[in-house]
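To find a chain, count down the sequence lines: A is the first, B the second, and so on, and within it residues start at 1. Note that this is a predicted model, so its numbers are computed, not measured.
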Amino acid sequence: MYIYDSVKKTKLLFEPIKEGEASIYVCGPTVYDDAHLGHARSSLAFDLLSRTLRSLGYKVTLAKNFTDIDDKIIKKVEETGKSIKEITSYYIKRYLEEMAALGVQRADIEPKATESLQAIEAMIQNLINKNCAYVISTGDVYFDTTRDSHYGEISHRVGEDEDNQSRIAHTSEKRNPKDFALWKACKGEEDICFDAPFSSGRPGWHIECSAMIEKYFHGNDKYSIDIHGGGADLLFPHHENEAAQSRCATGHELAKYWMHNGFVQIDGEKMSKSLGNSFFLKDALKAYDGEVLRYYLNSVHYRNDFNFNEEDLLTAKKRLDKLYRLKKRVSPGKGSTVNKTFKKALLDAMSDDLNISIALAVIDEMVANTNDVLDANPKDKGLKKETLANISFIDELLGFGGKEPFSYFQIGVDEALKEKIETLLAERIEAKKEKDFSRSDAIRDDLTAMGISIMDTADGTVWEKA
RNA sequence: GGAGCCAUCGCCAAGCGGUAAGGCCGCAGCCUGCAAAGCUGCUAUCCCCGGUUCAAAUCCGGGUGGCUCCUCCA
């Protein structure tokens with residue numbers, strides 16, 4: 001397995017801390033609002049990573065956190081009058097449901113900040129003891145970035161001039177503009193606070209990830225985990241700060257490899273709350289099938305930016321449709337053994353820093369070849385069984401193709417419509433028997449107008465929702 | 001003001017120094033009552049200008065254009 005390390009900026013052979021195992025920590029969402037397509041992209045990218053590593057035989061432990069205490073959540077509490085627990089548990093549930101609709105496998109560990117306070121406090125105390133952090137008059141605790149000689153190496157901002165034209169405003173008693181909050185002291189009675197030796201307050205954003213990693217992973221004397229991942233926007237300051245505090249607290253590096261996924265853009269611009277062009281996943285799932293969205297969002301290499309648009313999504317769907325038509329052709333039945341060459345080609349592609357484009361091309365080739373053989377020999381039972389096995393391997397590795405093929409083409413069609421379609425098809429068969437082609441064509445036109453396309457096959461007429 | 005990333009066929013998209021994958025669209029053909037589906041064939045020298053090399057889309061330098069980070073962000 002080769003992985004592109006976004007800190008070293010090069011592709012590296014994956015050599016895990018422990019032979020045959022892979023520990024991965026991915027920064028999850030702050031749960032104060034619905035997930036958008038960017039969350040989906042990130043989830044999908046690391047889902048592909050863990051699936052690939054598992055298929056390669058690694059014992060994967062994937063952790064993905066939920067930040068459930070934060071300024072934005074508190075703001076939401078103030079706005080809605082709901083309890084923090086109500087808000088966070090609602091959005092966590094929604095997040096998990098929506099990711100499940102995309103076929104994202106659950107993480108093995110899903111830590112929450114509020115459930116990791118002991119670990120967080122312990123790490124902060126440790127940093128204070130080591131003189132890597134300091135408490136200011138308000139009770140806030142800051143990390144002293146000058147205490148970390150490697151600060152800036154993650155985001156390649158070593159020796160950068162402090163602020164100059166930077167947009168960061170400096171207030172407070174921070175010793176250095178780059179210092180960041182490990183702990184935010186209570187602002188007032190309305191604030192949500194937890195007791196800690198240094199002050200009553202709550203954790204800063206960055207500390208939870210470092211603390212949770214120490215809590216759940218053990219690593220070795222050089223690294224806590226194998227891979228740390230997240231969106232490209234987290235490189236700085238989030239991951240820079242995580243790396244710094246972990247280094248000071250543990251004496252070694254946080255992660256051996258760093259992976260960052262690209263953005264989802266809308267009309268060529270980053271999708272973000274502040275630009276007002278967010279696309280909620282829930283809205284996308286109302287309009288499109290989750291599996292199609294998965295295929296589409298995963299069809300571009302994870303490191304590249306992704307320009308979301310409906311036209312490309314429909315093109316992706318056409319490609320997925322072809323796989324399902326083949327599956328329809330070889331169903332029903334039981335799969336036998338996956339074709340070795342096919343399996344190797346897929347794994348080789350994914351082993352190269354998750355080269356999904358090659359993997360999809362390998363699948364297209366398999367589909368075309370199989371259709372070709374089946375055209376000549378429609379009853380090739382051995383091939384049919386092998387093809388079913390191939391498709392279920394695709395489902396295992398890439399997370400699509402697992403549905404029953406006839407139902408795949410009937411998504412969004414209710415029973416009433418189904419009956420109507422069947423009636424029309426029966427009429428058309430009658431018309432065809434009587435060689436009344438103008439009538440049968442008229443019925444086909446009606447179906448087309450209803451968004452239904454039909455195909456006459458040796459086994460009768462089948463239909464699909466366009 | 002500082003730091004990066006990207007630029008390949010009409011569209012999406014691989015390529016990681018050895019002579020341009022794949023998909024969509026389009027055209028031609030096979031199949032079909034006609035279609036659809038499926039199959040076959042056809043369609044690019046890689047933003048521009050220099051340089052390194054026997055060899056560059058791939059490396060280096062300079063342009064041009066787009067995006068991102070330095071503020072919450074996946």
Side-chain angles (χ1 to χ4, degrees), chain A residues 2 4 6 9-11 26-30 32-33 35-46 70-72 75 152 155-158 160-169 178 205 229-238 240 260-265 268-275 278 296 299-301 303-307 309 311-322 325-326 328-329 349 352-353 355-365 367-376 432 435 437-438 440-441 444-445 448 453-457 461-464:
Chain A
Y2 282 84
Y4 182 87
S6 41
K9 298 196 180 206
T10 183
K11 207 182 276 184
V26 179
C27 289
T30 301
Y32 69 105
D33 203 351
H36 58 229
L37 292 176
H39 292 108
R41 179 108 196 274
S42 183
S43 253
L44 250 10
F46 291 101
D70 162 274
D71 289 349
K72 293 187 292 295
K75 194 175 168 215
S155 56
H156 302 279
R157 285 158 207 268
V158 188
E160 201 178 298
D161 263 353
E162 296 317 332
D163 44 24
N164 316 351
Q165 304 296 314
S166 147
R167 292 173 292 171
I168 314 171
K178 287 176 183 167
W205 178 35
D233 49 349
L234 298 181
L235 200 53
F236 188 88
H238 190 52
E240 187 72 65
H260 291 92
N261 64 275
F263 293 121
V264 175
Q265 306 191 328
E269 212 171 38
K270 179 189 175 183
M271 188 182 73
S272 79
K273 297 269 161 64
S274 47
L275 287 171
S278 289
Y296 175 50
S299 67
V300 176
H301 187 86
R303 271 190 281 125
N304 291 155
D305 283 342
F306 188 102
N307 200 348
N309 69 76
E311 192 188 332
D312 291 346
L313 183 144
L314 295 176
T315 298
K317 180 183 183 300
K318 283 184 190 175
R319 219 171 163 182
L320 180 59
D321 285 351
K322 289 175 80 160
R325 282 200 195 98
L326 174 64
K328 206 156 65 169
R329 214 174 166 183
D352 183 13
D353 193 38
N355 193 328
I356 190 75
S357 292
I358 300 285
L360 296 182
V362 167
I363 291 170
D364 288 335
E365 199 182 335
V367 171
N369 287 343
T370 310
N371 274 319
D372 199 13
V373 177
L374 251 25
D375 280 352
K432 278 182 58 163
K435 305 255 184 231
F437 294 123
S438 63
S440 71
D441 290 351
R444 184 169 61 203
D445 290 343
T448 305
S453 53
I454 62 172
M455 293 133 210
D456 293 327
T457 75
T461 302
V462 295
W463 60 272
E464 295 179 359

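For A:E311 and B:G10, the CD to P distance is 15 Å, given to the nearest whole Å. Rounded to whole Å, the distance from NE2 on A:H238 to P on B:C69 is 16 Å. Regarding A:F306, its CZ atom lies at a distance of 8 Å from the P atom of B:A13, rounded to whole Å. In this structure, CG of A:L37 is placed 13 Å from P of B:A74, rounded to the nearest angstrom. The distance from atom CG of A:N261 to atom C1' of B:C69 is 14 Å, rounded to the nearest whole Å. Between A:N307 atom CG and B:C67 atom C1' the separation is 10 Å, expressed in whole Å. Remark: P of B:A13 and CG of A:L313 are 14 Å apart, rounded to the nearest angstrom. Atoms CD (A:E240) and C1' (B:C72) sit 18 Å apart, rounded to a whole Å.
Taking the nucleotide of RNA chain B with the nearest heavy atom to each of A:S438 and A:E464, the more 5' of the two is matched to A:S438. Position along RNA chain B of the nearest nucleotide to A:Y4 versus A:G28 favours A:Y4 as the more 5'-ward residue.
Looking at heavy-atom distances under 4.0 Å, A:Q265 makes contact with sugar-phosphate atoms alone, never a base. Heavy atoms of A:A368 sit under 4.0 angstrom from primed sugar atoms or phosphate atoms, though from no base atom. Here A:G38 lies in heavy-atom contact (under 4.0 Å) with a base. Counting any heavy atom pair closer than 4.0 Å across all strands shown, A:T457 reaches no nucleic acid atom. A:S357 comes within 4.0 angstrom of a base, heavy atoms only. Contacts of A:K9 with the nucleic acid, taken as non-hydrogen atoms under 4.0 Å apart, involve only primed sugar atoms and P, OP1 or OP2. Residue A:L360 is classed as having no contact, given no heavy-atom separation below 4.0 Å to the nucleic acid. Within 4.0 Å (heavy atoms only), A:H301 reaches sugar-phosphate atoms of the nucleic acid but no base atom. Among the heavy atoms of the strands, none lies under 4.0 Å from A:D70. If you check every strand for non-hydrogen atoms under 4.0 Å, A:V26 touches nothing. Using a 4.0 Å heavy-atom cutoff across all strands shown, A:K435 reaches no nucleic acid atom at all. Among the atoms of the strands shown, none is found under 4.0 Å from any heavy atom of A:R303. The residue A:N355 sits close only to the backbone: its heavy atoms come under 4.0 Å of sugar-phosphate atoms, none of a base. Nucleic acid contact class of A:R41 (heavy atoms, under 4.0 Å, all strands): none.
For A:D305, the listed nucleotide lying nearest its side chain is B:C67; candidates were B:C69, B:C16, B:C67. In the set B:A13, B:G33, B:A74, the nucleotide with an atom closest to the side chain of A:T30 is B:A74. When distances run from any side-chain atom of A:R444 to the nucleotides B:C11, B:A35, B:G33, the shortest one goes to B:A35. The nucleotide whose nearest atom lies closest to any side-chain atom of A:M455 is, among B:A74, B:G23, B:A37, B:A37. Listed nucleotides B:U68, B:C34, B:A14 differ in distance to A:F263; the shortest reach to its side chain belongs to B:U68. Closest to the side chain of A:D372, out of B:G22, B:C39, B:C24, is B:C39. Among the nucleotides B:G33, B:A14, B:G22, the one closest to the side chain of A:F437 is B:G33. Side-chain proximity of A:I358 to B:C24, B:C16, B:A21: nearest is B:A21. If you check B:C24, B:C34, B:C12 against the side chain of A:K432, the one that comes closest is B:C34. The side chain of A:D375 approaches B:C39 more closely than any other nucleotide in the set B:C11, B:G23, B:C39.
A:D353 CG to A:Y2 OH: the interatomic distance, rounded to the nearest 0.5 Å, is 12.0 Å. One distance of note links NZ of A:K432 with CG of A:D441; it measures 9.0 Å at 0.5 Å rounding.
Not a single donor-acceptor pair, N or O on each side, falls under 3.5 Å between the base of B:C24 and the side chain of A:K318. One can find a donor-acceptor pair under 3.5 Å joining the base of B:A74 and the side-chain atoms of A:H36. For B:C70, its base never sits under 3.5 Å from the side chain of A:R157 at any donor and acceptor pair.
The C1' atoms of B:A13 and B:A21 are separated by 10 Å, rounded to the nearest whole Å. Taking atom C1' on both nucleotides, B:C31 is separated from B:U40 by 11 Å, rounded to a whole Å. Nucleotides B:A37 and B:C25 are separated by 8 Å at their P atoms, to the nearest Å. Across the P atoms, B:G23 and B:U43 are found 14 Å apart, a figure rounded to whole Å. Nucleotides B:A3 and B:G17, compared at atom C1', are 29 Å apart to the nearest Å. Between B:C39 and B:G50, the two C1' atoms lie 48 Å apart (nearest whole Å). On the C1' atoms, B:C72 is 25 Å away from B:G66, given to the nearest whole Å. Comparing the C1' positions of B:A7 and B:A57 gives an interatomic distance of 11 Å, to the nearest angstrom.
Across all strands shown, B:A28 forms a Watson-Crick or G-U wobble pair, both distances under 3.5 Å, with B:U40. With a cut-off of 3.5 Å on both pairing distances, the Watson-Crick or G-U wobble partner of B:G50 is B:C60. Nucleotide B:C67 forms a Watson-Crick or G-U wobble pair with B:G4, both donor-acceptor distances falling under 3.5 Å. With a cut-off of 3.5 Å on both pairing distances, B:A21 has no Watson-Crick or G-U wobble partner at all.
Heavy atoms only, all atoms of each residue included: A:R303 and A:H260 are closest at CG-O, 3.7 Å. When every heavy atom of A:E240 is checked against every heavy atom of A:G152, the shortest pair comes out as OE2-N, 2.7 Å. Of all heavy-atom pairs between A:L326 and A:V367, the closest is CD2-CA, 3.8 Å.
Looking at A:K72 and A:D33, no side-chain N of the basic residue comes within less than 4.0 Å of a carboxylate O on the acidic one, giving no salt bridge. A salt bridge is defined here as a Lys NZ or Arg NE, NH1 or NH2 lying under 4.0 Å from an Asp or Glu carboxylate O, and A:K317 with A:D321 meets this definition. Between A:R325 and A:E464 a salt bridge is recorded (basic side-chain N to carboxylate O distance below 4.0 Å).
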Q: Show your working on salt bridge (Lys or Arg N to Asp or Glu O under 4.0 Å) between A:D364 and A:K322 and close with a plain yes or no.
A: CA-CA 8 Å; A:D364 288 335; A:K322 289 175 80 160; over 6 Å; no
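Distances shown here put every side-chain N or O of A:K178 at or beyond 4.0 Å from the OP1 or OP2 atom of B:C70. In this structure, A:N371 reaches the B:C39 phosphate: one of its side-chain N or O atoms is under 4.0 Å from OP1 or OP2. Here A:R325 reaches the OP1 or OP2 of B:G38: one of its side-chain N or O atoms lies under 4.0 Å away.
In this model, no donor atom of one side chain and acceptor atom of the other lie less than 3.5 Å apart for A:R41 and A:N261.
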